[in-house]
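Structure first, commentary second.
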Amino acid sequence: MSTYTPEGLDDAYAPTDASDPAGTAPAPPTLPQLGVAGWLRWAWRQLTSMRVALLLLMLLAVAAVPGSVWPQRSQAPERVAQYLVDHPTAGPWLERAGMFDVYSSAWFSAIYLLLFVSLVGCILPRTRAHLRALGARPPRTPRRFDRFPAQAGGTSEDSPEAVVRAAASALRGRVSWLPRYRVDVRREDRAGAAGGPGDDPAGATGSDLADGAARSGTWTVSAERGYLRESGNLLFHLALVGLLISIATGQLLHFRGQAIVVEGRGFANAQTDYDTFEAGSAFDPADLVPFTLRLDRFTSEFDPETLQSRDFLAEVTLTEPGREPSAETIKVNHPLTTGGAKVYLQGNGYAPDVVVRDATGEVAFSGPVPFLPQDEVYTSQGVVKVPDVSGGQAQIGLVGSLLPTAQQLTDTIWRSVDPQPTDPVLVLAVWQGDLGLDDGVPQNVYELDDTGMEQVTQPDGTPVTLYVRPGETVELPDGLGTLELRDLPRFVALDLRRDPALPFVLVFALLAFAGLGVSLFTPRRRVWVRATPDGERPGRTVVSAAALARGDDVGLQAELDEIVGALALDPVGGADPAQPAPIPRATTRAPAEETKP
């Protein structure tokens with residue numbers, strides 16, 4: 001098969017066929033190959049584009065959602081263990097995917113690092129371009145002003161140079177160290193092209209000042225403002241990078257722990273003394289400052305009418321290394337700062353001090369047990385677990401409520417009517433069996449796992465209920481022993497936090513808001529003023545001015561009128577010397593792109 005080629009047409013891309021056995025026709029073109037360096041350059045440009053940066057930011061927000069859907073091992077390991085037990089099929093797959101450790105998983109860290117690299121890649125070239133723009137001169141004055149959205153003009157008896165100098169002074173403003181506009185004064189030749197540089201505020205060059213003809217020629221001033229807009233934009237992005245670094249550093253070095261302290265007892269700042277404790281992967285427990293806190297007294301105030309809380313005050317004794325013990329106070333929103341950490345008052349309640357003796361009369365449990373408040377009158381719930389019984393008897397579990405001011409409604413219904421301990425009553429149900437504490441599965445200390453337990457009932461099948469007041473001792477059913485309620489002290493829940501990156505997070509967050517505000521509310525404007533001798537009226541100067549903004553700017557015309565008003569022009573017409581007709585004032589929308597000179 002042959003390919004037809006018209007006579008006289010030399011097609012360099014015509015394929016070689018059987019009619020050209022010598023192979024004299026040119027070979028088909030070879031497309032260029034990107035190669036490794038080209039693909040890497042393409043990938044870098046894609047990664048550092050604004051589109052990909054926004055996509056990564058949205059992806060990071062979506063990736064954080066599983067952390068609020070499934071329990072996290074760093075915060076609630078017992079809930080994770082229970083979830084794995086309750087979901088034997090889905091649980092292991094979720095664990096392999098890192099859904100129980102979302103914020104430390106490899107895929108979340110990858111998104112975080114890619115966003116960081118993308119931001120840095122966006123910032124560096126924009127910073128270089130912005131620094132070059134800061135050192136550049138304002139754009140030259142365009143020949144024609146009729147295409148600009150804001151225009152003004154008039155005539156003056158001053159020379160063109162004097163008019164332009166006055167306009168430059170008005171554009172700079174009154175504060176010399178913080179000018180409104182960056183200005184550039186020039187002298188134009190007859191053709192309208194810019195002459196030598198004249199951006200010296202004291203006047204033109206030496207040759208210009210010596211030449212009287214130059215003084216009577218056409219003078220222009222070009223001004224530009226709004227560079228702070230890009231500066232604010234860069235500041236915003238740099239602050240975001242600082243936020244990412246600060247948050248990552250805080251996650252590595254922070255620690256947070258909670259501890260419940262009962263009146264008359266103390267707390268040592270050691271990892272083993274916390275009820276719950278979490279820390280970053282780079283945190284060293286040896287960095288904990290070994291201070292101690294003792295809760296001397298806790299007081300609370302409530303409104304007598306509404307029973308709403310008014311004030312909580314924890315009086316503690318703080319002992320720091322190398323210092324004498326000092327009396328301190330902790331209140332809501334007024335934490336105690338010590339050992340580089342802040343100690344917050346997170347909660348409070350009652351901790352009944354009970355003594356449980358088993359069937360042999362031995363003390364099987366003794367001490368205060370915190371009961372968690374459930375309502376505004378401090379109806380509290382808790383569990384007393386007694387695993388250390390002797391004689392081979394079943395373990396004991398006591399579940400119930402504490403009523404600070406008890407009121408009996410019926411034979412079996414009680415309630416609390418006041419949060420203060422006016423008439424406290426401890427109401428308990430009794431369980432016996434295996435508490436499951438030896439199974440190796442973490443348990444919530446405020447809940448009773450009744451899997452291996454059996455509730456003790458009366459002969460008629462109704463559950464046994466114990467009512468105990470402070471100072472009383474009651475017999476446990478089925479000969480399980482006795483229960484004594486010795487006292488009713490208060491407890492406080494303390495939250496200790498240390499994050500060395502928090503000050504930096506605050507600073508960078510404020511810088512981000514400041515940069516965003518500057519970027520959004522700083523107008524980008526350019527102003528030009530041309531002064532030329534009036535050819536029809538010697539001794540007078542025709543002045544024309546124009547302004548341009550990036551985007552819509554409703555204040556552009558007003559600012560141009562203010563600048564021209566400072567020149568005290570006569571409103572005889574503000575014609576551009578390049579145009580025979582006067583220039584009309586316009587307030588139309590700015591063009592899509594800036595007009596180039």
Side-chain angles (χ1 to χ4, degrees), residues 78 258-268 272-276 294-295 348-374 378-404 406 421 424-457 463-493:
E78 72 283 352
Q258 291 80 33
I260 291 180
V261 184
V262 183
E263 279 182 326
R265 301 201 175 193
F267 160 78
T272 56
D273 225 21
Y274 284 94
D275 296 316
T276 60
R294 187 182 72 246
L295 179 60
N348 66 89
Y350 296 95
D353 189 1
V354 299
V355 177
V356 179
R357 291 179 170 83
D358 58 22
T360 63
E362 298 292 333
V363 176
F365 180 87
S366 177
V369 181
F371 276 51
L372 298 181
Q374 304 297 315
Y378 275 55
T379 302
S380 307
Q381 295 182 356
V383 177
V384 181
K385 299 181 182 180
V386 187
D388 300 327
V389 292
S390 59
Q393 76 174 74
Q395 295 177 339
I396 304 172
L398 305 172
V399 184
S401 302
L402 172 69
L403 309 176
V425 173
L426 189 60
V427 183
L428 298 173
V430 184
W431 295 70
Q432 63 177 345
D434 183 9
L435 292 172
L437 300 178
D438 300 329
D439 296 341
V441 179
Q443 289 189 10
N444 192 333
V445 296
Y446 302 105
E447 295 179 358
L448 179 67
D449 183 5
D450 58 0
T451 303
M453 304 291 291
E454 180 183 358
Q455 188 172 8
V456 180
T457 59
V464 173
T465 304
L466 304 179
Y467 301 91
V468 191
R469 286 182 167 84
E472 295 181 351
T473 302
V474 296
E475 296 285 340
L476 297 178
D478 295 346
L480 296 177
T482 61
L483 169 69
E484 177 186 0
L485 178 58
R486 292 187 299 191
D487 199 2
L488 191 63
R490 301 294 296 266
F491 77 86
V492 296

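In what follows, every heavy atom counts, from backbone to side chain, and hydrogens, waters and symmetry copies are set aside.
To the nearest 0.5 Å, atoms CD1 (I396) and CG (L435) are separated by 9.0 Å. To the nearest 0.5 Å, atoms OH (Y274) and CD (Q258) are separated by 9.0 Å. One distance of note links CG of L426 with OG of S380; it measures 10.0 Å at 0.5 Å rounding. A distance of 6.0 Å separates CZ in R490 from OH in Y378, rounded to the nearest 0.5 Å. Going from atom NZ of K385 over to atom CD of E447 covers 8.0 Å, rounded to the nearest 0.5 Å. Taking CD of E472 as the reference point, atom CG of L466 lies at 11.5 Å (rounded to 0.5 Å).
Residues L480 and V356 are not in side-chain contact: their nearest non-hydrogen atoms beyond the backbone lie 4.5 Å or more apart. In this structure, P368 and F491 have side chains that are not in contact, with every pair of non-hydrogen atoms separated by 4.5 Å or more.
Heavy atoms only, all atoms of each residue included: R469 and L485 are closest at C-CD2, 3.6 Å. When all heavy atoms of V389 and A394 are compared, the pair lying nearest together is CG2-O, 3.8 Å. Considering every non-hydrogen atom in both F371 and G382, the closest pair reads CD2-N, 3.3 Å. Between P373 and N348, the closest heavy-atom pair is CG-O, 3.3 Å. Counting all heavy atoms, side chain and backbone alike, V456 lies closest to D478 at CG1-OD2, 3.4 Å. Residue G367 comes nearest to R265 through the heavy atom pair CA-NH2, 4.4 Å, listed as atom of the first residue, atom of the second, then distance.
Counting non-hydrogen atoms of neighbouring residues, nucleotides and ligands closer than 6.0 angstrom, the CZ atom of R486 exceeds 12 such neighbours.
Judged by distance alone, the side chain of D358 and the main-chain N or O of A364 form no donor-acceptor pair under 3.5 Å. The backbone N or O of P489 sits nowhere less than 3.5 Å from a side-chain atom of D353 that would complete a donor-acceptor pair. Side chain of Q393 to main chain of A359: a donor-acceptor pair is present (N/O by atom type, distance under 3.5 Å, no hydrogens or angles).
Because its NZ or CZ atom is not both nearer than 6.0 Å to the ring centre of F267 and within 45° of the ring axis, R294 does not count as a cation-pi partner of that residue.
Looking only at atom types and distance, the side chain of Q374 has no donor-acceptor partner in the side chain of T379 under 3.5 Å away.
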- Task: Start with the C-alpha gap between L483 and V384, add the side-chain angles, then the distance that decides, and say whether side chain to side chain contact (heavy atoms under 4.5 Å, CB included) holds.
- Result: CA-CA 11 Å; L483 169 69; V384 181; 5.9 Å; no
- Task: Mind running side chain to side chain contact (heavy atoms under 4.5 Å, CB included) on L295 and E263 for me, showing each step along the way?
- Result: CA-CA 5 Å; L295 179 60; E263 279 182 326; 4.0 Å; yes
- Message: Set out, in order, the CA-CA distance, both residues' side-chain angles and the distance that settles side chain to side chain contact (heavy atoms under 4.5 Å, CB included) for V354 and L398, then state yes or no.
- Response: CA-CA 11 Å; V354 299; L398 305 172; over 6 Å; no
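With E484 as the partner, the side-chain contact (heavy atoms from CB on, under 4.5 Å) test is satisfied by one option alone out of T473, V363, V468: T473.
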